[in-house]
Novice: 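Just passing along the structure, written as structure tokens.
Here is the naming used below: chain letters follow the sequence lines, and residue numbers restart at 1 for every chain. When reading the values below, keep in mind they use all heavy atoms of this one structure, side chains included, and skip hydrogens, waters and symmetry mates.
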Amino acid sequence: MERNNKSKYEILVDLAKRRGIFWPAYEIYGGVAGFYDFGPVGLSIKNNIINEWRYHLIHSVDVNVLEIETPIITPRIVLKASGHEDHFTDPITECKSCGRVYRADHLIEEAINKKVEGLSMEELWKIIHEHNIRCPECGGELTKPKPALLLFKTEIGPYKGTKAYLRPETAQGMFINFKNLLNIARNKLPLGIAQIGRVGRNEISPRQGLLRLREFTIMELEFFFDPEKSYEEVMNILEKRKELRNERLNILTAKDKLEGKEETQTYTTIELIEENIVTNPWMAYWMAIGNKFLREIGIPINKIRFVEKLPEEKAHYSEQTFDQEVFTEKYGWFEVAGYSYRTTYDLRRHIEYSKADLTFFKRYEKPKKVKKKKIAPNPAKIKEIAGEKFPSVMKALSEMDKEHLLSELENNGYVIIQDVKIPESPFYVKEEEVLVHGEKIIPHVVEPSFGLERILYVVLENSLHITSDQKIVLKLPYRVAPYMVAVFPLVTGTKPEHVKMINLAKKIKEILISNRITVYYDEEGSIGKRYVRADEIGIPLAITVDYQSIEDNTVTIRYRDTREQKRIHIGEIIKEILSHFK
RNA sequence: GCGGCGGUCGUCUAGCCUGGACUAGGACGCCGGCCCUCCAAGCCGGAGAUCCCGGGUUCAAAUCCCGGCCGCCGCACCA
């Protein structure tokens, strides 16, 4: 795989710039770490990956998934509710003599062996003082911890704006809109809400090119379901989808990690559920879908694994998390997707902060007859007891929770309102039998979340091949290739037959384009050079118009991966091309 | 953020140590022309470099010194 003694990574970075895939952003001003531009070829591949994701995670799944788009700029309250404002901040302390920077809480935990997570900066500072904690590298004095917020700050409105952040994930848009989408889905669970969009994370030190960006694209799905039904629902699907049931996933569990194991074990989807590897069956379902998605965009199965996060590694919202990792030549195993069981965390938090009703009304199969006590005050009698305080007592009574009032009276035989002791007698209490048709539940959530640029990188790395004659061929899966087909005239001279050849090639290009086939047309340089250019950006097929073409309306079609060619009639071109994109 | 190493046409690089004839050289790529039967052909011509940026030393800086930016590696960080 060596080409002039260069690594695959270096070859790819060169290629990416030369051929318009990607390059560092703001280059003419010296560049800014963590930001990349994408060229026409890169963008085309990205869009194709997005469409494959849509196919695998939205259109071809066995459940209802709806795609939405919500703003990037997010009012502070939303990320307060989601827990990001608190948890996306790390307390940082710096060594005064050597300048090394540490996570203050981690340092303290190591030094005094006590959990200090969630303590304020002041409290951490106090502990550092009391225990005389110093720089573990040079023994120098430490500075007072300060929060390093990884959210990008901004303001809404140019004058006295309200504080806002760039979203660090697209997920909150789905939680906020849960009720809207539930209505649109006509109140049916399970329900998936998907979003593909840009996010910002103000990383302390981004490196590793496309793999660690400050602004990137997330393809995310929030899947809402009733936990009591998840086993049955998933089993019904797997009954029908045998290939999905038997999809093989390479798994490294948290338990195995704690035992020091590094080798993955292979489980089928059904085994993940039956052996309780996943804490909810939907986790297994989406992991299987994600496994299949990556395989189909060109990642070999032996380079895909799922690694369960240890309790202390998990995000604040997650009950269980698996990272989906791909093996890269340069960085080893690298996370490209995460699967989190977020339970009711996010909806609960948004209910709490917004007071909105984000519940699902779960209808019983048969309405339940429930005996229900009703209570109402008798104003005349209350006036007798309360006297002057009557208006304020009545007001307080009307604002009081009726259930609470009932239980107080039942337990104590009286209730004290506005310092007035009221016995049971001034209340009308009536027992009624009512039909209850269902109850409000907060759905549980499983979230598969994919980093598009990371996926782009691993797809490119896995597609990169160097031929024995040192040429680059990007063997992209057909469906993610930047163009479906290249069209070339064999020669581009000025003789009448050359002109005919060029005109025929251009005509074929137009016919293909009008049939929605993406075409790369090129008549510059020799035919060999044009094949190389097409191979380098991974165009899987090439149509060449030659001397014979202008005699008998046949062309040659060349296959990128084998360099083989066959001759077909012009009328067969579209059918031949499309047969490879099914 | 710390330490080490590095940054020269689109790409790869020569030159830097030992400052001056460097108008910064080459290769590939790119553009124009000639030629034209299938895998980077050949010939002719051309465009293309803030020598990463800023400051300093010097008569003179791509070259030496300082600061910054960016990249790579290690440490730290990475809901």
Novice: Is A:E203 paired with A:R214 through a side-chain N to carboxylate O contact shorter than 4.0 Å?
Specialist: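 No, this pair does not count.
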Novice: Is it true that A:H444 and A:Y341 have ring centroids separated by less than 6.0 Å?
Specialist: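 Distance test on ring centres: under 6.0 Å, yes.
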Novice: When the P atoms of B:rC28 and B:rC70 are compared, how many Å lie between them, rounded to an integer?
Specialist: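 Straight-line distance between the two P atoms is 35 Å.
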Novice: Is B:rU23 paired to anything, Watson-Crick or G-U wobble with both distances less than 3.5 Å, and if yes, which nucleotide?
Specialist: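 Because no pair has both required distances under 3.5 Å, B:rU23 counts as unpaired.
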Novice: A:Y29 has an atom OH; how far is it from atom P of B:rG54, in whole Å?
Specialist: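 Going from OH in A:Y29 over to P in B:rG54 covers 13 Å.
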Novice: Answer with yes or no whether the side chains of A:R342 and A:S318 bring together a donor and an acceptor at under 3.5 Å.
Specialist: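 There is no such pair between these side chains.
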Novice: Could you tell me which nucleotide pairs with B:rG48 by Watson-Crick or G-U wobble geometry, both distances under 3.5 Å, or answer none if nothing does?
Specialist: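 Because no pair has both required distances under 3.5 Å, B:rG48 counts as unpaired.
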Novice: Between B:rG71 atom P and A:L213 atom CG, what is the distance in whole Å?
Specialist: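 Rounded to the whole Å, the gap is 11 Å.
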Novice: If you check the A:R563 side chain, which of B:rC39, B:rC73, B:rU37 turns out closest?
Specialist: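 Among the listed nucleotides, the one closest to the side chain of A:R563 is B:rC39.
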Novice: Write down the partner of B:rU63 under the Watson-Crick or G-U wobble criteria, each distance required to be under 3.5 Å.
Specialist: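 For B:rU63, the partner nucleotide comes out as none, under the 3.5 Å rule.
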Novice: Would you kindly give the CG-to-C1' distance between A:L150 and B:rG1, to the nearest whole Å?
Specialist: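 My rounded result for the distance is 13 Å.
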Novice: For B:rU58 and B:rG15, measure between their P atoms and round to the nearest Å.
Specialist: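 Their P atoms lie roughly 29 Å apart.
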Novice: Between B:rC72, B:rG32, B:rU37, which nucleotide gets closest to the side-chain atoms of A:Y547?
Specialist: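 My answer, after comparing the listed nucleotides, is B:rU37.
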Novice: For A:G493, answer base if it contacts any base atom (sugar-phosphate contacts may also be present), sugar-phosphate if it contacts only those atoms, and nothing otherwise; contact means non-hydrogen atoms under 4.0 Å.
Specialist: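 Base, at least one base heavy atom under 4.0 Å.
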Novice: Which class fits the ring pair A:Y9 and A:Y457: parallel under 30°, tilted 30 to 60°, perpendicular over 60°?
Specialist: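 Ring orientation, 0 to 90° scale: tilted.
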Novice: So what does A:K330 touch, heavy atoms closer than 4.0 Å: a base, only the sugar-phosphate, or nothing?
Specialist: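 The answer is sugar-phosphate, as A:K330 gets under 4.0 Å only of primed atoms, P, OP1 or OP2.
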Novice: Which nucleotide wins on minimum distance to the side chain of A:K529, given the candidates B:rC31, B:rG29, B:rC12?
Specialist: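 Shortest atom-to-atom distance from the side chain points to B:rG29.
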Novice: Both distances below 3.5 Å, Watson-Crick or wobble geometry, any strand: find the nucleotide opposite B:rC36.
Specialist: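 The base-pairing partner of B:rC36, which may sit in any strand shown, does not exist here.
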Novice: For atom P, what is the distance between B:rG26 and B:rG46, given to the nearest Å?
Specialist: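 Their P atoms lie roughly 12 Å apart.
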Novice: On a heavy-atom basis, which atom in A:I539 and which in A:A486 lie closest, and how many Å separate them?
Specialist: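 Shortest heavy-atom separation between A:I539 and A:A486 comes out as CG2-N, 3.5 Å.
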Novice: Output the single nucleotide from B:rC73, B:rA40, B:rC38 whose closest atom is nearest the side chain of A:K471.
Specialist: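 From the listed options, B:rA40 comes nearest.
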Novice: Using purine N1 to pyrimidine N3 plus N6-O4 or O6-N4 for Watson-Crick, or N1-O2 and O6-N3 for G-U wobble, each under 3.5 Å, what pairs with B:rU58?
Specialist: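 When the pairing criteria are applied, nothing turns out to pair with B:rU58, so the answer is none.
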Novice: Mind checking whether A:F306 and A:F322 have ring centres under 6.0 Å apart?
Specialist: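 Not under 6.0 Å, so no.
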Novice: Looking at B:rC39, does its base get a donor-acceptor pair with the side chain of A:R530 below 3.5 Å?
Specialist: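 Such a pair does not exist between side chain and base.
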Novice: What nucleotide, of B:rG10, B:rC38, B:rC77, holds the atom closest to the side chain of A:L490?
Specialist: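 Nucleotide nearest to A:L490's side chain: B:rC38.
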Novice: Using whole Å, what does the distance between atom C1' of nucleotide B:rA40 and atom CZ of A:R558 come to?
Specialist: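 After rounding, the reported distance stands at 12 Å.
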Novice: Given that both distances must come in under 3.5 Å, which nucleotide forms a Watson-Crick or G-U wobble pair with B:rC2?
Specialist: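 Result: B:rG74.
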Novice: How far does the P atom of B:rA76 sit from the matching atom of B:rC9, given to the nearest Å?
Specialist: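 The answer is 35 Å between these two P atoms.
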Novice: Identify which nucleotide among B:rU11, B:rC36, B:rC39 has an atom closest to any side-chain atom of A:T492, counting heavy atoms from C-beta outward.
Specialist: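 Nearest nucleotide to the side chain: B:rC36.
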Novice: Contact class for A:E564 vs. all strands (heavy atom < 4.0 Å): base, sugar-phosphate, or nothing?
Specialist: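 Since no nucleic acid heavy atom lies under 4.0 Å of A:E564, the category is nothing.
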Novice: Would you kindly give the OH-to-C1' distance between A:Y36 and B:rG71, to the nearest whole Å?
Specialist: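 Computing the A:Y36:OH to B:rG71:C1' distance gives 9 Å.
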Novice: Within the structure, does a side-chain N or O atom of A:K17 lie under 4.0 Å from either OP1 or OP2 of B:rU11?
Specialist: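 A:K17 to B:rU11 OP1/OP2: side-chain N or O found under 4.0 Å.
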Novice: I'd like to check, for A:Y531, whether its ring lies over the base of B:rC38 with centroids under 5.5 Å apart and a plane angle smaller than 30°.
Specialist: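 According to the criterion (under 5.5 Å, under 30°), no, A:Y531 does not stack.
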Novice: Side chain of A:E536: nearest nucleotide among B:rA40, B:rC72, B:rC39?
Specialist: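 The answer is B:rA40, which lies nearest to the side chain.
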Novice: Between A:R198 and A:E215, does any NZ, NE, NH1 or NH2 come within less than 4.0 Å of an OD or OE carboxylate oxygen?
Specialist: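 A salt bridge links A:E215 with A:R198.
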Novice: Measuring from the side chain of A:T556 (C-beta onward, heavy atoms only), which nucleotide among B:rU11, B:rC38, B:rC36 has the closest atom?
Specialist: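 Of the options given, the side chain of A:T556 lies nearest B:rC38.
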Novice: Quick check for you: among B:rC73, B:rG71, B:rA40, whose closest atom lies nearest to any side-chain atom of A:A33?
Specialist: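 For A:A33, the side-chain atoms sit closest to B:rG71.
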Novice: Just how far, in rounded Å, is P of B:rG10 from CD of A:E27?
Specialist: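 In whole Å, B:rG10 P and A:E27 CD are 10 Å from each other.
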Novice: What is the distance, to the nearest angstrom, from the CG atom on A:L15 to the P atom on B:rG29?
Specialist: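 In whole Å, B:rG29 P and A:L15 CG are 15 Å from each other.
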Novice: Starting from the 5' end of RNA chain B, give me the residue, A:R212 or A:V555, whose nearest nucleotide shows up first.
Specialist: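 Of the two residues, A:V555 wins.
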Novice: Give me the distance, rounded to whole Å, that separates B:rG7 from B:rC51 when you measure between the P atoms they each carry.
Specialist: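 To the nearest whole Å, 14 Å.
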Novice: A:T544 side chain: which of B:rC73, B:rC38, B:rC31 is closest?
Specialist: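 The answer is B:rC38, which lies nearest to the side chain.
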Novice: Suppose you measure atom P in B:rU23 against the same atom in B:rG74; what distance do you get, rounded to whole Å?
Specialist: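 The same atom, P, in both gives a distance of 42 Å.
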Novice: Quick one: on RNA chain B, does A:G31 or A:R454 contact a more 5' nucleotide (nearest heavy atom)?
Specialist: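 By nearest-heavy-atom nucleotide position, the 5'-most residue is A:G31.
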Novice: Under 4.0 Å between any heavy atoms, over every strand shown, what does A:D14 touch: base, sugar-phosphate, or nothing? Just pick one.
Specialist: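 Sugar-phosphate: the residue A:D14, judged by heavy atoms under 4.0 Å, touches backbone atoms but no base.
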Novice: Using a heavy-atom cut-off of under 4.0 Å over every strand shown, decide if A:P206 touches base, sugar-phosphate, or nothing.
Specialist: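 Answer is nothing: A:P206 stays at 4.0 Å or more from every strand.
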Novice: Charged N to carboxylate O under 4.0 angstrom, A:E85 versus A:R76?
Specialist: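 Answer for the salt bridge query: yes.
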Novice: Partner lookup for B:rC16, please. Criteria are Watson-Crick or G-U wobble with both distances under 3.5 angstrom; report none if nothing qualifies.
Specialist: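 WC or wobble partner does not exist here.
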Novice: Taking the C1' atom of each, how far is B:rC31 from B:rC75, in whole Å?
Specialist: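 Going atom to atom, C1' in each nucleotide, I get 48 Å.
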Novice: Using only heavy-atom distances, decide whether a donor-acceptor pair under 3.5 angstrom links the side-chain of A:R18 to the base of B:rC30.
Specialist: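 Flag unset: no donor-acceptor pair detected.
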Novice: Base, sugar-phosphate or nothing for A:Y26? Non-hydrogen atoms, less than 4.0 Å.
Specialist: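 Nothing, no heavy atom under 4.0 Å.
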Novice: Starting from C1' on B:rG33, measure out to NE2 on A:H498 and report it in whole angstrom.
Specialist: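 Atom-to-atom, A:H498 to B:rG33, this comes out as 16 Å.
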Novice: Would the A:W23 and A:Y36 ring centres measure less than 6.0 Å apart?
Specialist: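 No, the ring of A:W23 stays outside the 6.0 Å limit from the ring of A:Y36, centre to centre.
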Novice: I'd like the P distance from B:rC72 over to B:rC12, given in whole Å.
Specialist: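 Rounded to whole Å, the distance is 14 Å.
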Novice: My understanding is that a pair needs two contacts under 3.5 Å, Watson-Crick or G-U wobble. By that rule, which nucleotide pairs with B:rC28?
Specialist: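 Across all strands, the one nucleotide that pairs with B:rC28 is B:rG10.
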